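The block underneath contains the structure these notes are about, expressed in structure tokens.
Since the model is a prediction, treat every value here as computed from it, not as a measurement.
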Amino acid sequence: MEKLVHEKFMRMAIELSEKNVNQNLGGPFGAVIVKDGVVVASSANRVIPENDPTAHAEIAAIRLACTKLSTHNLSGCEIYTSCEPCPMCLGAIYWAQIDKIYYANTRTDAAGIGFDDEFIYKEAEKSFDKRKLPCVQLMRQEALEIFRLWQATNVKSDCKP
């Protein structure tokens with residue numbers, strides 16, 4: 001796609017973020033998912049109105065796109081987001097198998113207004129015993145039985161990051 005088309009979709013994401021702020025609905029973030037030059041889904045940040053810390057703009061848009069396309073695999077789609085995705089959203093984008101990310105603001109810009117994800121990036125690199133949030137493994141053998149059960153089923157899908 002040409003630059004003007006990309007700018008059109010990015011402008012939509014930025015407008016969603018602006019509308020969210022102006023209507024006091026939540027964080028200044030918006031996302032648009034496009035397939036074959038057509039908007040499939042779009043959303044602003046929904047954390048506050050939905051009381052859901054996972055309802056970031058990118059995740060909300062992914063959920064809407066998956067519902068609309070009746071699939072969990074968004075291969076062939078691109079996402080335009082008003083800010084570089086946080087670690088959670090980046091993971092969701094990979095799991096959804098979206099082809100490309102276009103973003104406007106950087107994570108440094110977001111940190112400058114109080115949305116600082118650097119702590120999460122650093123924590124993810126640490127071993128479990130060094131993390132601020134305690135992580136305790138329990139009942140692994142029992143849980144492995146369910147993985148074996150899954151391997152024996154025919155319900156496999158192309159879930160992979």
Side-chain angles (χ1 to χ4, degrees), residues 1-69 71-137 158-161:
M1 279 189 276
E2 63 183 69
K3 182 180 176 186
L4 290 176
V5 174
H6 293 303
E7 288 177 357
K8 176 181 94 168
F9 295 130
M10 183 58 73
R11 191 164 283 110
M12 288 178 179
I14 293 169
E15 287 171 358
L16 284 165
S17 68
E18 181 181 28
K19 182 178 175 184
N20 219 38
V21 172
N22 287 336
Q23 295 181 350
N24 293 317
L25 293 175
F29 305 100
V32 176
I33 296 177
V34 175
K35 184 170 187 169
D36 299 324
V38 176
V39 174
V40 175
S42 63
S43 183
N45 179 284
R46 306 289 305 145
V47 170
I48 292 172
E50 294 183 15
N51 293 314
D52 179 353
T54 69
H56 290 196
E58 297 92 335
I59 297 211
I62 287 169
R63 290 173 179 162
L64 290 168
C66 288
T67 298
K68 183 171 183 179
L69 298 175
T71 183
H72 62 277
N73 183 330
L74 297 179
S75 294
C77 293
E78 298 175 327
I79 188 165
Y80 295 79
T81 170
S82 64
C83 188
E84 180 180 352
C86 75
M88 176 182 66
C89 292
L90 184 60
I93 291 165
Y94 272 101
W95 278 108
Q97 300 181 49
I98 291 174
D99 292 353
K100 194 168 194 175
I101 301 169
Y102 295 91
Y103 66 95
N105 292 316
T106 67
R107 71 191 209 197
T108 304
D109 298 331
I113 63 164
F115 293 92
D116 192 351
D117 298 319
E118 198 58 35
F119 169 76
I120 298 170
Y121 284 105
K122 288 179 179 176
E123 281 288 290
E125 294 174 358
K126 295 178 183 177
S127 62
F128 286 118
D129 63 326
K130 302 276 193 257
R131 292 183 183 171
K132 181 178 178 183
L133 182 64
C135 298
V136 180
Q137 185 177 28
D158 57 356
C159 291
K160 61 184 175 216

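- Within the 3.5 Å criterion, the main-chain N or O of G30 finds a donor-acceptor partner in the side chain of S82.
- Between F9 and V32 the shortest heavy-atom distance is O-CG2, 4.0 Å.
- K68 and V40 make their closest contact through CD-O, 3.2 Å (heavy atoms, listed as atom of the first residue, atom of the second, distance).
- Taking the six-membered ring for Trp and thresholds of 30 and 60 degrees, F29 and F115 have ring planes more than 60 degrees apart, a perpendicular arrangement.
- Residue pairs satisfying the ring pair (Phe, Tyr, Trp, His ring centres under 6.0 Å) criterion with at least one member in residues 43-69, sequence neighbours excluded, are absent.
- N22 contributes no side-chain N or O that, together with a main-chain N or O of K19, makes up a donor-acceptor pair within less than 3.5 Å.
- Rounding to the nearest 0.5 angstrom, the gap separating the CG atom in L16 from the CG atom in L25 is 11.0 Å.
- With N45 contributing its side chain and G26 its backbone, the two residues share no donor-acceptor pair below 3.5 Å.
- In plain terms, the two heavy atoms of C77 and I33 that are nearest each other are CB-CG2, 3.8 Å.
- In this structure, the side chain of D99 does not engage the main chain of S75 through any donor-acceptor pair within 3.5 Å.
- From H6, atom NE2 reaches atom OH of Y80 across 4.5 Å, with rounding to the nearest 0.5 Å.
- Atom-to-atom distance recorded for Y121:OH and C86:SG is 7.0 Å, nearest 0.5 angstrom.
- At least one side-chain heavy atom of L74 sits less than 4.5 Å from a side-chain heavy atom of L69.
- I101 has its side chain within reach of T81: a pair of non-hydrogen atoms, C-beta onward, lies under 4.5 Å apart.
- Salt-bridge annotation for K122 and E125: absent, with no side-chain N of the basic residue lying under 4.0 Å from a carboxylate O of the acidic one.
- Residues satisfying the salt bridge (charged side-chain N to carboxylate O under 4.0 Å, His left out) test with E118, not counting sequence neighbours, are R107.
- Nearest approach of A61 to S43, heavy atoms of both residues: N-CB, 3.8 Å.
- Salt bridge R11/E15: absent, no basic N to carboxylate O contact under 4.0 Å.
- For the pair I113 and P28, the tightest heavy-atom approach, listed with the atom from each and the gap, is CD1-CG, 3.9 Å.
- R63 places a side-chain heavy atom less than 4.5 Å from the side chain of T54.
- With values rounded to the nearest 0.5 angstrom, L64 atom CG is found 7.5 Å from S42 atom OG.
- A donor atom on one side chain and an acceptor atom on the other are not found under 3.5 Å apart for T106 and E84.
- You'll find the side chain of I93 reaches within 4.5 Å of the side chain of I62, heavy atoms only.
- Distance alone, capped at 3.5 Å, places no donor-acceptor pair between the R46 side chain and the A55 backbone.
- When atom types are taken as modelled, the side chain of E123 and the backbone of K132 share a donor-acceptor pair closer than 3.5 angstrom.
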